Amino acid sequence: MEITLNVNGQEHKVDVEPRTLLVYALRENCGLKGAHVGCDSSSCGVCTVVLDGKIPVKSCTMFAVQAEGHEITTIEGLGGGANLHPLQKAFHEQHGLQCGYCTPAMIMSSYALLQHNPDPSEDDIRRGLSGNLCRCTGYMNIVKAVQQAAADMRQPAEAAD
Amino acid sequence: MKLNYDGQEQINADYDAVWAFINNPEKVAKCLPDVEKLEITGDKSFTAHVKVGVGPVRGRFKFDVGLEPDAENNKMNVNLRGGGLGTAIDLTAGANIAQQQEQTQLDWQGEAVVRGPAATVGARVLDRKARELITHVFAEVKRNIDEEQA
Amino acid sequence: MSDQIKDLNPAKECRAMGKSIKRREDARFVQGRGTYVDDIELPKMLHMAIVHSPYAHALIKGIDTAEALKVPGVKAIITAKDLAGFNLDWIPTLAGDKQMVLATDRVMYQYQEVAAVFAETRAQAVDAAQLVEVDYEPLEVVADPFKAREDKVILRTDREKKTNHIFNWNVGDREATDKALAEAEVRVKQKAYYPRVHASPLEPCAIVADMNTATGRLTLYLTSQAPHAHRTVVSLVTGIPESNIRIVSPDIGGGFGNKVPVYPGYVCAAAGTIVLGVPVKWVATRTESMTTDSFARDFHMEAEIGATKEGKVTALKVTTVADHGAFDAAADPSKYPAGLFSICTGSYDFPTAFTEVDAYYTNKTPGGVAYRCSFRVTEASYMIERAMDTAARELNMDPAEFRFKNFIQKEQFPYNSPLGWTYDSGDYETTFKVALEKVGYEELRKEQAEKRAKGEIMGIGISTFTEIVGAGPSKDFDILGIKMFDGAEIRIHPTGSVIVRAGTKSQGQGHETTWAQIVAEELGLDVDKILVEEGDTDTAPYGLGTYASRSTPTAGGALALGARRIREKAKRIAAHLLEVSADDIEWEDYKFQIKGVPSKSVTTQDCAFAAYTNPAPGDEPGLETTYYYDPPNLTFPHGAYICVVDIDKSTGEVKVRRFVAIDDCGTIINPMIVEGQVHGGLAEGFAMAFMQEIVYDEEGNHLNTNYTDYLIPTAYEVPKFETGNTVTPSPHHPIGAKGVGESPTVGSPAAYVNAVIDALSPYGVSEIDMPISREKVFSKLRAAGVEAF
Amino acid sequence: MFPASFDFYRAHSAEEAVSLLGEHGADSRILAGGQSLIPAMRYRLAQPTVLVDINQMQAANYITEENGELRIGATVRDSDLEFSDLIRTNYQLMSDVSDVVADPIVRFRGTLIGSLCHNDPSGDWPAAMLAARAKMIIQNKDGKRVVNADEFIVDSFTTAVEEGEMAVETIWPTPSKNTGASYQKIERKVGDYATAAAAVQLELNEDGTVKEAGIGITAVSYVALRVAEGEALLRGQKVTRNLIKAVAAEASKMADPIADGRGSAEYKKEVVGVLVAKGIMQSLERLGRKVEA
């Protein structure tokens, strides 16, 4: 069936089966390879993307047809080139990644977390990211990266106060 | 995973009637629940396509069933092998048959070995469903024989 | 990488060693633009799905593919019979055994590969795989090495030897050790099971196999930690010359030893492209990964320590029963079937020691990979650190004091261990003191005494381990006969930018940054001028790959010595440019200068330009080299870890309050990366201590085939770590570096477990096996009569 | 892994959903959050031939409190509860559960009613539903009916929702000011099913005696269980240590768990009592009361 996916502000007309999972539609029909697949049981979260600006979803546990009518944001839509998002910058600066496989999802999950809680404590971050696995970093530097990005992102608002 | 079950049925029939019934694959097959398709493959064997459903876990299982009567020991052994949904199930059941006045007592024990995804994903569920299934079969054996007698 | 922006490039920095330069590989990863195997799509590419056996041990009476072949999009289905036509039904393992690619007449473990389906889409391939009917006749299952040892059921009927015993491997002086133990004033026995675990990188194994039927060239995009070794294996197995095989290992989503072996799925995909003439992709599902990838550990160990009443150790004996699964596919250097397990004397000066390992076949997944471990070192380190604690308790001695009494002393290096190793360098006392101070050991023991008086449960666990990495020197180390050296190629272009290529393959370790740092430091070039490439066998120099913490000890040496060789030539060019003889040139402050005249100098960049525009007379133009480094010895990193736990009496929950890790990995190239490696390894140690274990039942059913039941810790479970370093350079390594990626996985499990046992020791607890579940703690507390509430 | 093929329908109202279910019969399923169903489909353990997606049913997305009851519609997500001030302030038990059910991302998609209808024997919500004495409204082509928690929970993965029916609303009584609650869950890690868990809700009289008690336990039998004997012991009593022990013992007594990777049957049986005890103690603490000696 033909559906239209709005990804990172761009419309993609794609032909999928109802059983096509969103992650494969993004990767194979839209050519956006940032969301990865790491498990079969919705456990690892490396496929996390954001719906409607603030809802993190595991795109392996949603059918592509269900994403019609939603704004989908993937890592490719967050920032790039000279305009990295504060989260992307912070993950780099705090060494919050190693193999990079979980990184796009970890960043997207952090992005959603900060939409709901702009000033999270360390415990909030650890709880908030507990749907995303990382095998390389031991999470220490991921937590630091989210703290740095949160501070960066709050700055304009705080400056305005 | 290995599951063990046992139970007992009192059948309102004599030993011979019970023995004849459980040696007849066609009759035994009818005691399985939700059989969609049945092929009698020999005088002591049949293949049953069974619909299974436990909550979201639903699908079709195919079972090859063999009856192994042990007349000397008044015992019927049943071997069931098959599966579906990537899962293999081996079930062996034995029933001791003893006439007590007008009734015949069926003492049965079963052991099921489940292999594959269902064993890992569904241990919590399978145990109960397997127990239900096997209990159902022997209850049906009793009900059918009772009906025949009536 | 046109999108790479200034911010993400490292600062211009030629004095690069020891600096926390931000990683250069991050640019693509944080933008979701890494390229992993599953990201590769080729025209006309087919997808492969595999049919797996639900039985752990059974004969195959028949395989019916008729229904499956009717599924739309299905192009072919292959079984072992088809592979036999190419002589690919069995392949050699790294351990010198052989293993089935697809099950032949029988299956040997649950989930073994039985058939491979090729179809236009992944879903179609799976649809068809479901319809392949296999007729099995179950055989008796042996899922336990102790049962296998009885030889009542012989599993490997294809072998001449009718036994399940694979090997006995022993080192040391058995008689002397037995005698010393018999004469010891104190003898302490300690059993420990190191559970079967799965390395579980988040990217599952994957391949895109592409046979170009016009050129006869086979390209394999592969999740490979060792692309060159894999190319050689593929060549040996298929008969295709290596020059016609190209292996590309693109970005790898974590390896941890899991991506060292050659798996049946790879071979099936390669066979598929050869037969069908179009590219074939296979990406393992997590279930496939959990059930068919090589496992790690599964060592049933027992140690015995002899000591004097005063607490001086006199002898060590360690015996092990190893479960190797259905085929011996352990990934160890050829001469070391139990890896480097004989490092089990650890950091302690045992005058005599003996160890032996007996391995058995069982109906389980084959393997024995070095999961974030330098070949069975994790098991060895865990055993000795557990046993040392038990001995200390037996002697009524503080475990820290007992360790101080028995450390190999700084002056003893190079130290010859009773099991045959020559430790390069170490300063165990200093490192341990730093750790004790950082954690506040004395205070903690006081706090513990106070808590115990109140009935509260707290424990302190210590592990002062020694690692052995950098395999290895060619006199002893090879895999399938290939010596374990590593190569590096350095090409300096006229304008002074550099391409560095190595035979290693980063899976997150940050080689694109650290390799550039080594070369920058040696040649006085800016880090951001140096591009590092790995993973393409067409371009990279031969090397044995990245695992076992070997990259820095081997390729790191090749890079430093290669750079120095270039420096020698550049020096001649400098002499030519400065119009003096080469003898008058010195390398000073990252420049070539006329001896004693800093104002008269040229840079490497100047020399590079001259190498192409104005070569020294009589010298070969250009400025590049390839260096193969054969390390003279292994390196021996060490560390001191201290873990503090609090235990909830009511539920048995263990909370890791603190974890202090002081590592000594010699010279540090990039402290940020070293710290990151340590964090990751400590988290994996935590995972093994408290969560991870592959479980089989006696029928050979694999009971945790996915992440709902094989427990990978999240940010919420993993504790915070406090890290630090001491630096004892390796005397034989060109830059004194030792490798660090695995130290924390090797060293930390014992610290976690020792902490829990220390906490529970007032209740008579002296044993607890990993993974430490709440149930284990709960049961021990209840058994000791501690009330829950 | 890839689900088997199915036909996909979108329902925009409960009537439409019920009619689609009626049309397609036993192999059709409602797709709400899909966080249990889709993984089962990926493993092909579930192979429904028709899915009826209700996610676009805007009218079903409500949390309203009136006349002493909280009403929640079919598309309300666990995260809606987790982030709701109303829930955090007035519905302690629900708030506790919404913090620990599944993992934080799954909670953004999973629905309360979906979890209840899935009725996993280790699920968190069924135990809470029992303790809170919640109800479910079930709709079919002929209209609606209300069932209470005890009738709703029928068997493993089986509820009072029959073929061709859909659960459309769940009703939770608003606890009085004198009500304390607590959800105690042992899980091996975030996102795991409970090894054992206990939902406790206690309403006290002014004198500190128990007016009403609700206790549900999960993961220790083929369905979530109400610890009715324990509730009875508590009613009208001051909560003492000995009473807590007796209630905990009742929970352990009725637990009939199976052994699995989460633990042995003996352990689960014993620890569920400990969790009930902890739940009672925390409920009291939250009311500023202490357990009497």
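Chain letters run A, B, ... following the sequence lines, proteins first, then strands; residues in each count from 1. Quick note: numbers below take in every heavy atom, side chains included, and nothing from hydrogens, waters or symmetry partners. Here the structure is a predicted model, which means the values were calculated and not measured.
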Let me see the working for D:F2 and C:Q124 under side-chain contact (heavy atoms from CB on, under 4.5 Å), right down to the final yes or no.
-> CA-CA 9 Å; D:F2 305 86; C:Q124 288 167 341; over 6 Å; no
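- Heavy atoms of C:E717 lying under 4.5 Å from chain D belong exclusively to its side chain.
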Does the pair C:D127 and D:R44 meet the rule for a side-chain contact (heavy atoms from CB on, under 4.5 Å), with working shown?
-> CA-CA 10 Å; C:D127 289 347; D:R44 300 205 175 191; 2.6 Å; yes
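- Heavy atoms closer than 4.5 Å to chain C are found in the backbone of D:E187, but not in its side chain.
- Across all non-hydrogen atoms, the minimal contact from D:D192 to C:T708 is OD1-O, 3.9 Å.
- With a 4.5 angstrom heavy-atom cutoff, C:Q130 touches chain D only via side-chain atoms.
- Between chain D and the options C:S650, C:A125, C:A715, heavy-atom pairs under 4.5 Å are most frequent for C:S650.
- Note that the CZ atom of C:R782 and the OH atom of D:Y267 stand 9.5 Å from one another [nearest 0.5 Å].
- Contacts of D:S264 with chain C are made by both backbone and side-chain atoms, with heavy-atom separations under 4.5 Å.
- By number of non-hydrogen pairs under 4.5 angstrom with chain D, the leading residue of C:V695, C:T285, C:T121 is C:T285.
- How far CD of C:E787 is from CZ of D:R241: 7.0 Å, rounded to the nearest 0.5 Å.
- Atom OG1 of D:T195 sits about 12.0 Å away from atom CZ of C:F778, to the nearest 0.5 Å.
- The OG atom of C:S779 sits 7.5 Å away from atom CD of D:E270, with the distance rounded to the nearest 0.5 Å.
- Here the CD atom belonging to C:E775 is positioned 13.0 Å from the CZ atom belonging to D:R262, to the nearest 0.5 angstrom.
- For C:E41, the CD atom is densely surrounded, since the number of other residues' heavy atoms within 6.0 Å is greater than 12.
- We find the CG-NZ distance between C:D648 and D:K278 to be 4.0 Å, quoted to the nearest 0.5 Å.
- In this structure, chain D has heavy atoms under 4.5 Å from both the backbone and the side chain of C:A123.
- When heavy atoms are compared at a cutoff of 4.5 Å, C:T287 approaches chain D solely by way of its side chain, counted from C-beta outward.
- Contact record, C:D709 with D:R188: OD1-NH2, 3.1 Å, taken as the closest heavy-atom pair.
- In C:E456, the CD atom is crowded: over 12 heavy atoms of neighbouring residues, nucleotides or ligands sit closer than 6.0 Å.
- Annotation: side chain of C:Y716 is not in contact with side chain of D:K189 (no heavy-atom distance under 4.5 Å).
- Around NZ of C:K720, the count of heavy atoms belonging to other residues, nucleotides or ligands within 6.0 Å does not exceed 12.
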